Structure formats: C-alpha cells, structure tokens
Amino acid sequence: MKTHEVNFDGLVGPTHNYAGLSHGNVASMTHGGAASNPREAALQGLAKMKFLADLGLPQAVLPPHERPALETLRALGFAGSDADVLRAAAKHVPQLLVACSSASNMWVANAATVAPSADTADGRVHFTPANLVSKFHRSIEPPQTARTLRAIFRDEARFAVHEPVPGGQALGDEGAANHTRLAPTHGHYGLHFFVYGHSALGAPEVKAKPGKFSSRQALEASAAVARRHELGEDNTVFAQQAPAAIDAGVFHNDVIAVGNENVLFYHEQAFVGTAAVVAGLSRRYEKLNPGDGLVALRVPSRRVPLPDAVKSYLFNSQLVTLPGGEMALIAPRDCAEAPRVRDFLRELVDRGDTPVQQVHYFDLKQSMRNGGGPACLRLRVVLTDAERAALPPSVFLDDRSHARLAAWVKKHYREKLTHADLADPQLLEESRRALDELTRMLGLGCIYPFQREAGR
Ligand code: SUG
C-alpha cells in the first residue's frame, strides 16, 4: 500500500484584507489598514499549488469560508436583511465587521492537527479542528472547518473528524502549525512533536512566560489532541516554545522550525533548551527507528538572527520530499531578498550532504503581509492510496482544475479591497456566488450556512 503526503492548500477568500488583527504577528501588525488585492492573493496561492503539483506531489485544495461571516454577526445581535446587518455592524462596531470579514481561514496550517492512520490505535486518520480561541477573528473558523473536513473526509470507517478542543481561552489550540511529524518515510510509524507556549493549569515543567506577546498554544490542548488521535506515549514528544521567540514575533512554531520525514530544520532559539529538546527528540526517533537517525539541521543565530528569521519567514518554508527522494524547500521570495538568509540557504544546498537539495522561491506577498507564508497556506495530510481514493476527486489539483480555479478567481475576485468595501452588500453577494460555484466544482455539496438557508 503506497502512502503519500497530500498538501491541502487553503484557497484565499474574496475578502482578503489587511486589518492588523493579530497582536504578536509582526507582519499583521505592520500592514493593518493597507489596501489588499484578493485576486492577486488567490492567484499567488494557486501558482504555488501548481508548482508543487508539477513537481509530482499530490496537491489538493480547501475552500474558503463565507465572509463577511453573517452567521456570527447575527449571533452577536445584528438583525434584519443581510444588507441591514452589514450596515448596522459597519456603523456601530466597524472593527467587528472587519474581524468578521477576515480571510484568515486561508492559513490552513491552523485549520486542524492531523494524525495519519499508520500512527493511530484505531487505524483511522484523525483530525482535530483547531479552536483558534486566542484571536476573535480566527475563533469563528472551527465550525466551518469541521463541516468542510467532514465533507471531504466523509468515510467514517477511514477518517475521524473530532470537535475542537474545549476549554475557552485557556486551552488555545492552533493546529498543525504547532505540530511536526517525523518518520523515515511518510508511510512509517511517525513521531509526533507538539510545541506549546504555555500551560493552562500550571504544569510544573512550564516556567518561563513571554512578556510582550501572549502564547497561543496550551500544553493541555496539545496533550488532548494527542489523546484523541490515539497516539501512544512512545510516539509523542512535547516541548515548550522559547518565550523570547514568541516575543520576537514567533506566534506559531512553524515560524521557527519545519520538519519533513527524517529532517528537522530549526532555529537554535526555537525552544526552551533547544539543544536538549533536539537531543531528546533524536533519541526518541532512533528508538522508534533503530539504525535511522534524525537529521537535525540547526540554524545558528550568528548566521540568521531571530529578527531576520521572522522577517524573511525562512522557517515557514515547506519542506517536501520529491518523487526522486531528495527534499526541496519551498520558500517565500522574501528569503531570497534577505542576504543572510539567502546565503545560508545557498550553502545548505551546496553542501550536498543533507537531504535538502533544492530551494524554490515564491512570491506570496499578499499573504505574507498578514504573516502567512508557504507553510501557513497548507495542511499536510498523509494518506494511503486507498484513503486518497475515498476523497472527492475534484479536490485534487491538476492542470485542468488549476486552469478552472484560476478562471474562477478572475471571474469573481476584486483587484482592490479596502475596509470601506466590507459593508457593501454587493461584496457579500459576489462572495456567495463564488463559493456556491466553487462547492459545485469541488463536488462538496452544501457546506456553507447561506447554502442551507437558501435550501440548495
Ligand atoms: O493567525 N494572520 C494569521 C496568520 C497565520 C499564519 N499561520 C501560521 N503561521 N501557520 C494569524 O495571525 C492576520 C489578519 C489581519 O491582520 O488582517 C492574521 O490573521
């Protein structure tokens, strides 16, 4: 039975905008209020997906959520027609309308945590949608995420889509962005590395706290995900993110480390006691895979200082295994524009003695200005061929579906969006028309509240 990693990329939604909503995310805090280009954002994302598909890697898409989120605005007391709701929200609480219009669901590394069937006690692929409670605009994502995942991974004999972790603000869970799976190949029994920033219940091993920004991931939430996914003690490792890294703008672990199969690429300031964490991880990896070592690629601060890593988003690169067996780093173009980072990457590839043999740079500026790099835009799902065959075929990307999706974006998306546009009922209509067409293209049925209301 063959097993592959499938990258599910989030399609950027038609209301992509810059609202400065994420305290602790330097790019978001810097660009709030700037005009956005949703069309360019969606096409940049699609170009990355096509590139990976052309490399021979299985690539699929996850649809955006309905925005502005009328259901949320109504739940918060706005009533009347859709246009009334938008008008009243814009007039009385404009920041609420802006938050309910964020296209943040594009960053699907935060959609869920995933455990492949090779690792779980019941032999199913497990998903826990992230609760994203630490930011209001993201906390409204989980119900739609769960509906979408259930529409795609609908065979309950093969897939388990759990409810998000409960517990409110204390038990924040931000999904796969704080989780890395390591294994000799995707099909092997994998080691699950969970990285948290705080303890909700005062766990004694969690001492230091960030001072400037707050942590989004609780140890107790990570542990709950591991239990639900029926992982064992032998294949889970937990480590604390360095508070100094969080204060430097590392709001998720995937801003400071990335792993793939037997490789962990990480910054030396990533964790509390990074050297000990990586040594422990290597021991655990070797115990599971005797004779096969973890390739730990450390990036020292003297080569790439923390602020350069955050600004360039070096570690938010995707690290993928190509069909020939070597690995490629899919990096933001910002890395090519940062001399220290570019030089480091050139040397890494030129060394030739690590699995990382290629680097490809991508222009994802529209997403990057909100702190979303290549790795934020994808959810990795390791699937056997039989599991893959159980999914709706139209969610996969090939030349034909790429061309159809690009044409769909050009038909429905605006080239400029400012906050004044968000109250325009026409924008809501355009978005709904686009999503309705998209669900038909992807073969997903009715997954949005507006479709249910319209009795489609
Ligand atoms: O949650 N930005 C997202 C970026 C998420 C990146 N994901 C990963 N690292 N996996 C966030 O902070 C900004 C929206 C705004 O300000 O308009 C935002 O939500």
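Atoms within each ligand, like the ligands themselves, are counted from 1 in listed order. Just so you know, these numbers use all the heavy atoms, side chains as well, and skip hydrogens, waters and symmetry mates. Quick caveat, the model's predicted, so the values are computed rather than measured.
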task = Check each protein residue for a heavy atom under 4.0 Å from ligand 1 and list those that pass, ordered by chain and number.
result = Asn17, Tyr18, Ala19, Gly20, Leu21, Ser22, Asn25, Ser28, Ser104, Trp107, Ala109, Asn110, His137, Arg138, Ala177, Arg216, Phe251, His252, Asp254, Asn370, Gly371, Cys376
Residues forming a side chain to side chain donor-acceptor pair (under 3.5 Å) with Arg333, sequence neighbours excluded = none
message = For the aromatic rings, using the six-membered ring if either is Trp, is the centroid distance between Phe238 and Tyr196 under 6.0 Å?
response = no
ask   = So, Thr185 and Glu261: side-chain donor and acceptor under 3.5 Å apart, yes or no?
value = no
inquiry  = Between Glu337 and Lys365 (salt bridge meaning N to carboxylate O under 4.0 Å), is one present in this structure?
reply    = yes
request  = Look at Arg138 together with Glu174 and state whether they make a salt bridge at an N to O cut-off of under 4.0 Å.
outcome  = no
ask   = When you check the side-chain N and O atoms of His4 and His186, is any donor under 3.5 Å from an acceptor?
value = no
